[in-house]
Number of protein chains: 2
Amino acid sequence: MTTIETHAPELLTVGEAAELSGTATSAIRFYERQGLIESQRTSGNQRRYQPWVPCVVRVARVAQRVGLSVQEIAKVLEDVPDEPTPEDWQRLTDHLIADAERRIAELHAVLADLKSETKRCDLPGR
Amino acid sequence: MTTIETHAPELLTVGEAAELSGTATSAIRFYERQGLIESQRTSGNQRRYQPWVPCVVRVARVAQRVGLSVQEIAKVLEDVPDEPTPEDWQRLTDHLIADAERRIAELHAVLADLKSETKRCDLPGR
DNA sequence: GCTTGACTTCAACCAATGTTCAAGTTCTAG
DNA sequence: CTAGAACTTGAACATTGGTTGAAGTCAAGC
């Protein structure tokens, strides 16, 4: 971990990263502890984030809303290199969407299954 | 709340309901406290569940996996009457699927948006 | 009618996902 | 160079979604 000049070009403070990703700074630090994102440090020990980090956080937040845990998201993000290329974003996108669709399919399946098990679930004649 | 004869036909004990829904009895009691399901009581104060209750629990569990909180699921289930008809199950199904699809759409949207904001997220030139 | 397993409540605990606060440090503007 | 905003860590707290355990009650079979 090489430390970074205080005013490095393009790097974001934790506050800036929070604002750009629409979260609180406490969440940003939490996600870093959980391994979703990484930071460099200034000589004075302050965090500095790469400019794409807020994008990662935004993705993570939406992924949570479709049912992934932070650990699961961290796992998916492991495969995304630092300084992601458009192709990396595309693969991440595909992965997350596929994952979410899989759960929807499960939901469909359970619901369909229930409908077929009429005897137990529908109880038609009272 | 009329109490029920001990050995009422077709009613399930908490253990049976748990087994049929693939959860622990503690979860069944928890879901009841949260208003997802209801029970009657025997004269000896034991819970007795209608036979479709395990189905509701199964649905709830899958719904959790697509990102709904227990409170949100409870809200959806409010609209399902006791002794649901096939049409009730159908509406529940539609509601839950629609809800889940909505989140997937959000995920799609965020990801698409990120891709369009190339300047901030892709950083093509190193 | 007694035994045994399943049930009851209540309280404590757990993990996940953060937020809040206190005490101290760094950064930036003037 | 200094004031104030933004940062640091660590600990405590909050909420959600349960699990576990103790102490006691109920129900079913012999």
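These numbers come from the heavy atoms of this one structure, side chains and all, not from hydrogens, waters or symmetry mates. Letters go in sequence order (proteins before strands), and every chain restarts at 1.
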- side chain to side chain contact (heavy atoms under 4.5 Å, CB included) between Asp99(A) and Arg103(A): does it pass, once the steps are laid out? CA-CA 7 Å; Asp99(A) 224 83; Arg103(A) 280 103 181 292; 3.5 Å; yes
- Take atom CD of Gln46(A) and atom C1' of dA6(D), then tell me their distance rounded to the nearest Å. 7 Å
- CG (Leu11(B)) and OG (Ser39(B)) are apart, to the nearest 0.5 Å, by 10.0 Å
- Query: Given dC7(C), is OP1 or OP2 found less than 4.0 Å from the side-chain N or O atoms of Arg47(B)?
  - Reply: no
- Within this structure, what is the CD-to-P distance between Glu19(A) and dA5(D), rounded to whole angstrom? 17 Å
- Query: What string of B, S and - do you get for nucleotides 11-19 of chain C, 5' to 3', if B is base contact, S is sugar-phosphate-only contact and - is no contact with any protein heavy atom under 4.0 Å?
  - Reply: ------SSB
- Greater than 12 external heavy atoms within 6.0 Å of Glu38(B)'s CD: no
- Inspect the surroundings of CD in Glu19(B) and state if more than 12 heavy atoms from other residues, nucleotides or ligands are less than 6.0 Å away. no
- Any Thr13(A) side-chain N or O less than 4.0 Å from OP1/OP2 of dA6(D): no
- Query: Quick one: does Ile73(A)'s side chain get under 4.5 Å of Tyr31(A)'s, heavy atoms only?
  - Reply: no
- Kindly say if Thr42(A) contacts the phosphate of dC27(C), meaning a side-chain N or O under 4.0 Å from OP1 or OP2. yes
- Query: Please give, in whole Å, the distance from dA6(C) C1' to Leu12(B) CG?
  - Reply: 15 Å
- Nearest-Å distance for atom pair CD/P, residues Glu16(B) and dG5(C): 17 Å
- Task: Would you kindly give the CG-to-C1' distance between Leu11(B) and dC26(D), to the nearest whole Å?
- Result: 16 Å
- Is any side-chain nitrogen or oxygen of Arg41(B) closer than 4.0 Å to OP1 or OP2 of dT25(D)? no
- Message: Between Arg29(B) and dG18(D), is there a contact of a side-chain N or O with OP1 or OP2 at under 4.0 Å?
- Response: no
- So, Arg91(B) side chain and Val80(B) main chain: donor-acceptor pair closer than 3.5 Å or not? no
